[in-house]
There are 2 protein chains.
Amino acid sequence: MKLNEGIEWAVHCCSILASLPPGMALPARKLAEFFDLPEHYLAKHMQSLSQQGLVSSSKGPGGGYRLGRPATEIALLDIVLAIDGPAPHFRCTEIRRKGPSGVDDKCYGKPCGIARAMWRAETAWRDELGKVSLEEIRHTGLEETPHEQLEKSLAWFGDALK
Amino acid sequence: MKLNEGIEWAVHCCSILASLPPGMALPARKLAEFFDLPEHYLAKHMQSLSQQGLVSSSKGPGGGYRLGRPATEIALLDIVLAIDGPAPHFRCTEIRRKGPSGVDDKCYGKPCGIARAMWRAETAWRDELGKVSLEEIRHTGLEETPHEQLEKSLAWFGDALK
DNA sequence: ATAATAACGGATATAACATATCCGTTATAA
DNA sequence: TTATAACGGATATGTTATATCCGTTATTAT
Ligand code: SF4
Ligand code: SF4
């Protein structure tokens, strides 16, 4: 199993948006250019974020994306779910009731212990992602980005926003 | 993202093997029949379990699979990893160093905060799966299986093992 | 007004991966 | 000797992820 690559892209983009001066917006085209990503495909992911309200969009020249709410109120989990969708990773197909020993569907109430254990693990995963705010991501990112790159980025965004 | 369906199959099969009388073995053919699964594909998954030592196999008539060690010493995590493989679900592609602001690779030491957060969540997931033993799965399964199905299963396996 | 920008949704095309089958080989028990 | 069964490799099929393309609408700048 492999997680959608778009998750990585989306988190990076949100982190950039979180550092944007208030009132400013960045179009998908610029974000794609900055990370060297396929423009139209990234745009699709940005639209997913927009549908979830994580970012707000504005059309036309000077338009683009900005955060939909403060970075302190966006969890890593929100971004992951926006891209990955809400479906649980483990989906039981009820094989217990198949085959020669299966009995009537009515006899099976709740999902079995296997499914419950898998879902517990998934809940632990989500909980952990829920604890991390975009603001933390942004802050850590800023601290750990090489100085030289920070300067180049600032200059580049300066041009882009002009 | 969707987890391999084989995980569900494999856990169910291991749970059956855990209830097998000592010394007995079940061939993949019988397991597939019992759960109404594609025989050859299930066989592939059983081979994965075998490679990891979770089950031991014996060839020839009367052969098949049995547990490779006591059910108390097999974790749900072991089975999941045997089928799903050891690779982490989140794989960062280092997009931070791409694009116009990227600098030399030497400047990036450890993985960034995004990757670390994603991996922390995955660790939480694995930890949760590591806490569940196959013996618990088996026990819970036995308790929650409808009476009628238990009887049918016992009869069916009685014939199969004869 | 007009032209350029940009989000948006839908329709593709392509690549990657999961699912499933098939085959030949080896080992082993009846 | 025959039948069973695991094993590994090759292949086929289906489904999902990845990526592009198009037409439309909204908005800004000229
Ligand atoms: S609910 Fe449990 S027993 Fe039923 S198919 Fe899902 S995992 Fe198997
Ligand atoms: S290590 Fe972090 S910054 Fe680098 S590509 Fe992975 S997620 Fe992005």
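Source: prediction; values computed, not measured. Naming: A, B, ... by sequence-line order, numbering from 1 per chain.
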Just how far, in rounded Å, is [atom2] of [N] from [atom1] of [X]?
X        : N       : atom1 : atom2 : answer
Met1(B)  : dC17(C) : CE    : P     : 15 Å
Asp84(A) : dA17(D) : CG    : P     : 8 Å
Gln52(B) : dA6(D)  : CD    : P     : 18 Å
Leu3(B)  : dC17(C) : CG    : P     : 16 Å
Asn4(A)  : dT15(D) : CG    : P     : 20 Å
Glu39(B) : dA5(D)  : CD    : P     : 9 Å
Ile83(B) : dT19(C) : CD1   : P     : 11 Å
Tyr65(A) : dA6(C)  : OH    : C1'   : 8 Å

### Query
Got a second to check how far Glu136(A)'s CD is from Ile74(A)'s CD1, nearest 0.5 Å?
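Glu136(A) atom CD to Ile74(A) atom CD1 measures 13.0 Å (nearest 0.5 Å).
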Residue [X], side-chain atoms from C-beta onward, closest of [options]:
X        : options                   : value
Ser50(B) : dA5(D), dA19(D), dC7(D)   : dC7(D)
Pro38(A) : dT18(D), dC21(D), dA19(D) : dA19(D)
Arg29(B) : dA5(D), dC7(D), dT19(C)   : dA5(D)
Gln47(A) : dA5(D), dA19(D), dC8(C)   : dC8(C)
Pro61(B) : dT4(D), dT20(D), dA6(D)   : dT4(D)
Lys44(B) : dT20(D), dC7(D), dC22(C)  : dC22(C)
Lys59(A) : dT25(D), dT19(C), dA5(D)  : dT25(D)

### Message
Taking Ala75(A)'s backbone N and O only, do any of them form a donor-acceptor pair with Asp78(A)'s side chain (distance below 3.5 Å, no angle check)?
### Response
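Looks like yes, one N/O pair under 3.5 Å.
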### Polar contact flag, side-chain donor to acceptor under 3.5 angstrom, Thr93(A)-Glu5(B)
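On atom types as modelled, these side chains do not qualify, holding no pair under 3.5 Å.
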### Query
So what does Glu5(A) touch, heavy atoms closer than 4.0 Å: a base, only the sugar-phosphate, or nothing?
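Sugar-phosphate only.
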OP1, OP2 of [N] versus side-chain N and O of [X]: anything below 4.0 Å?
X        : N       : result
Tyr41(B) : dT13(D) : no
Ser58(A) : dT27(D) : no
Gln51(A) : dC8(C)  : no
Lys2(A)  : dA15(C) : no

### Message
Ring centroids only, cut at 6.0 angstrom: are Trp156(B) and Phe34(B) within range, meaning strictly under it?
### Response
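Judged by ring-centre distance (under 6.0 Å), Trp156(B) and Phe34(B) do meet the cut-off.
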### Task
Give the intermediate values and the outcome of side chain to side chain contact (heavy atoms under 4.5 Å, CB included) for residues Val80(A) and Met118(B).
CA-CA 10 Å; Val80(A) 169; Met118(B) 294 300 296; 4.1 Å; yes
### Query
Hey, which of these two, Gly60(B) or Gly6(B), hits DNA chain C nearer its 5' end, going by closest nucleotide?
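Nearer the 5' end of the strand: Gly6(B).
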### Message
For Ala43(B) and His40(A), find the nucleotide of DNA chain D closest to each by heavy atoms; which residue's nucleotide sits nearer the 5' end?
### Response
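Mapping each residue to its closest nucleotide by heavy atoms, the 5'-most match is Ala43(B).
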### Task
Might you work through the side chain to side chain contact (heavy atoms under 4.5 Å, CB included) test for Lys110(A) and Arg116(A), ending with a clear yes or no?
CA-CA 9 Å; Lys110(A) 55 181 177 183; Arg116(A) 297 203 303 275; 3.8 Å; yes
